[in-house]
There are 4 protein chains.
Amino acid sequence: MKQQQKPKYKQIIDAAVIVIAEKGYHQSQVSKIAKQAGVADGTIYLYFKNKEDILISLFREKMGLFIEKIEEEIKGKETAKEKLLTLIEKHFSILAEDHHLAIVTQLELRQSNLELRLKINEVLKGYLLLVDSILHAGIETGELREDLDVRLARQMVFGTIDETVTSWVMNDQKYDLPTLAPKVHNLLINGFGA
Amino acid sequence: MKQQQKPKYKQIIDAAVIVIAEKGYHQSQVSKIAKQAGVADGTIYLYFKNKEDILISLFREKMGLFIEKIEEEIKGKETAKEKLLTLIEKHFSILAEDHHLAIVTQLELRQSNLELRLKINEVLKGYLLLVDSILHAGIETGELREDLDVRLARQMVFGTIDETVTSWVMNDQKYDLPTLAPKVHNLLINGFGA
Amino acid sequence: MKQQQKPKYKQIIDAAVIVIAEKGYHQSQVSKIAKQAGVADGTIYLYFKNKEDILISLFREKMGLFIEKIEEEIKGKETAKEKLLTLIEKHFSILAEDHHLAIVTQLELRQSNLELRLKINEVLKGYLLLVDSILHAGIETGELREDLDVRLARQMVFGTIDETVTSWVMNDQKYDLPTLAPKVHNLLINGFGA
Amino acid sequence: MKQQQKPKYKQIIDAAVIVIAEKGYHQSQVSKIAKQAGVADGTIYLYFKNKEDILISLFREKMGLFIEKIEEEIKGKETAKEKLLTLIEKHFSILAEDHHLAIVTQLELRQSNLELRLKINEVLKGYLLLVDSILHAGIETGELREDLDVRLARQMVFGTIDETVTSWVMNDQKYDLPTLAPKVHNLLINGFGA
DNA sequence: TATGAATGAGTTTTCATTCAT
DNA sequence: GATGAATGAAAACTCATTCAT
């Protein structure tokens, strides 16, 4: 009887997060990930096309959950302001609760080659569309100013959140990230306000 | 007289910008940079400790000019708002005028390993301090709100600018970047306003 | 009843011929052969000791039929000359009728490692003995010259036939091979003649 | 003071012959060849594009000498018969004098993939053209029969010689190969004769 | 100063074979 | 008999850096 409850696919992705977070992107050989996952090197290739596929799948999988969770929380909120606050809070709290994931997404995965990063950006689009939809709704209801440049605003939202999280990770996650959510929200929403 | 004054030093850095922009970070071998610079491979090592030193020097050199130019422009401005607008305008225009540099700083150099990126961040501190000083002055004069969290505000400024430029580069610099400066400025300053 | 009688054994060998002919020796993984044969990978190992065993069995099986057919045709012939002509004709026609087999024996199987090729040579000995017997009989009857070095003559027969077939395969079997039989026979027999 | 008189290119090729002859084709890793040549692994790639390039260069280099030597000897001969005898003698003696080379060309190199073997065949064409020219000249002078199919005759010459040498190598070069030249010549020439 | 030939460490991926079911 | 998921060993090639000239 083996204890492998988790299907190997997820098992390998989780192993990749741990190895990359602890050893760094360039020290994360496939053999290390396999060892961490408790499978043979070759088994990796039954579930992933190649090493890059592990990383893009990792990102897709995690970002998928990310977006799912945020969407779920947002549903219950009325106003665009509340929705944006929820998005920031959730973004911060998810990463604050998974230090490994935070290191991997903010620091390590960015060392990947351009090709992989373009694929990662594809996945990110889902997140950016979510931000867009919040902004559009806000404009619709008159909460946000009519002439708001949604693309710029979205870049501001994402750029600010991302830079805030990265700074926090680079400072070894010393301070409490979710605490910052209301202040970040406030700074952003003021700029967008009617 | 530092070596930095000598032509070959700059010659190699400029060659590096060209090679990295055209071939991509991972296709920029020392031998290619040497060839582009018109020197022998070994000569590189008379001016730089190692490959990383070329890249960090490149960044330091270009970012130094960057900050110098911005500081110079800012001097003539009175208010924090004007200074911030100038900073954004200049940031955008410098990169819009040097497509190679834009590609290198926004896309290629970010593929470097964590160690190099931490060193790059050291260089970036000069820029961030400049932003900080503008914000502090603005608070001082009452232009910006008293309770502004300067660190967060700085992350917002930098995050937004950086994300805007990166989007622009990733979209093949299709649209005019400097044109966006006032709108970006407006979005930011609203959030910071008293 | 040997396993060789059972359908799956032949099924796998025929699959191997097809896969090797179409994909090439180095692209003929066991899993591909299994798929072509319509069995599971593991099933292969119920009928063959290992991959090499498939190949050597393939050669033995096909070469066995080869020799059988030739021997049968030869029986009806009186003189050594006629027998040799029949051997050449049959050799050419069998391969001309099975393009896959021709590719496999003349090109692909020769890429195998030395060990396998030595085993293949063992199988070939049956064919060479057949040639020998024809030559000996010819000397006996005075048809061929007394002082004929049978080993050399056999190498000439086999070398010539093999080279002719290989050239034909390498030229994409463009021309008609069996047509060449009388000319090849003529060239050989003249050299051997009394 | 180093003793490397031989340029590295030839040094590596000679090392490859030794390693392949002694270890076998599939046990001839680039690192082994480098070690035998007394250079670093990377040095190989300063002189050869890749591993295949070593092998094709080896063949081209050795076959070049082969053809040169034979052509030189043949010049002095009058008749086609004498020329053919010289070709056979020389072919046999060159390989008899270099056991390593004989093993490599007759056994080991034939295990290479089809692509490489096609390239090797290109090189072989020089040799086959030489045979052709002898045969044509012989027909011209009436020494060989008018209706001789030169392509078939060439295949017979090459096939016979090649098979004879291969048999000799496979029998561990036990007997004296050059001794066989007149007999092989005799068998061939009888078949071609007017 | 300047050169450039030489170095050699380091990693992804394939695929024949096994064995629990 | 039949399956197919899992195993794990094995090798070509790149490129930053050095150092004799």
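Naming convention: chains lettered A, B, ... in sequence-line order (proteins, then strands); numbering from 1 in each chain.
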Rounded off to whole Å, could you give me the [atom1]-to-[atom2] distance for the [X] and [N] pair?
{"X": "B/Glu52", "N": "F/dC15", "atom1": "CD", "atom2": "P", "result": "18 Å"}
{"X": "B/Lys32", "N": "F/dT17", "atom1": "NZ", "atom2": "P", "result": "17 Å"}
{"X": "C/Tyr25", "N": "E/dA16", "atom1": "OH", "atom2": "C1'", "result": "12 Å"}
{"X": "C/Leu55", "N": "E/dA16", "atom1": "CG", "atom2": "P", "result": "10 Å"}
{"X": "A/Asp53", "N": "E/dT12", "atom1": "CG", "atom2": "P", "result": "14 Å"}
{"X": "A/Ile44", "N": "E/dC15", "atom1": "CD1", "atom2": "P", "result": "18 Å"}
{"X": "A/Asn113", "N": "E/dT12", "atom1": "CG", "atom2": "P", "result": "13 Å"}
{"X": "D/Ile33", "N": "F/dA12", "atom1": "CD1", "atom2": "P", "result": "8 Å"}

Contact summary for C/Phe59 and C/Thr105, nearest pair of heavy atoms: CE1-CG2, 4.2 Å
Distance-minimising heavy-atom pair for D/Gln36 and D/Ala15: CG-CB, 3.5 Å
Does a salt bridge link [X] with [Y], judged by any charged N lying under 4.0 Å from a carboxylate O?
{"X": "B/Asp14", "Y": "B/Lys62", "value": "yes"}
{"X": "B/Arg110", "Y": "B/Asp162", "value": "yes"}
{"X": "C/Glu122", "Y": "C/Lys119", "value": "no"}

Residue whose nearest DNA chain F nucleotide is more 5′ - D/His26 or C/Gly42: C/Gly42
OP1, OP2 of [N] versus side-chain N and O of [X]: anything below 4.0 Å?
{"X": "A/Tyr47", "N": "F/dA6", "value": "yes"}
{"X": "A/Lys8", "N": "F/dA5", "value": "no"}
{"X": "B/Thr43", "N": "E/dT3", "value": "yes"}

Given [options], identify the nucleotide with an atom nearest to the side chain of [X].
{"X": "C/Ala40", "options": "F/dT7, F/dG4, E/dC15", "answer": "F/dG4"}
{"X": "D/Val39", "options": "F/dA16, E/dT7, E/dA16", "answer": "E/dT7"}
{"X": "A/Asp41", "options": "F/dC15, E/dA6, F/dG8", "answer": "F/dG8"}
{"X": "D/Gln29", "options": "F/dA11, E/dC15, E/dT11", "answer": "F/dA11"}
{"X": "D/Gln27", "options": "E/dT13, F/dT17, F/dA11", "answer": "F/dA11"}
{"X": "A/Tyr45", "options": "E/dT18, F/dT7, E/dT14", "answer": "E/dT14"}

Rounded distance in Å between the C1' positions of F/dT21 and E/dT1: 13 Å
Ring pair (Phe, Tyr, Trp, His ring centres under 6.0 Å) against B/Phe66, all qualifying residues, sequence neighbours excluded: B/His91
Check: A/Gln11/A/Lys8 side-chain N/O donor and acceptor closer than 3.5 Å: no
Sugar-phosphate only, base, or nothing, as touched by D/Val30 at under 4.0 Å among non-hydrogen atoms: sugar-phosphate
5' precedence on DNA chain E between A/Asn50 and C/Ser31 (nearest-nucleotide basis): A/Asn50
NZ (B/Lys23) with more than 12 external heavy atoms under 6.0 Å: no
Watson-Crick and G-U pairing of DNA chain E, under 3.5 Å, as dot-bracket with | and [ ]: .||||||||||||||||||||
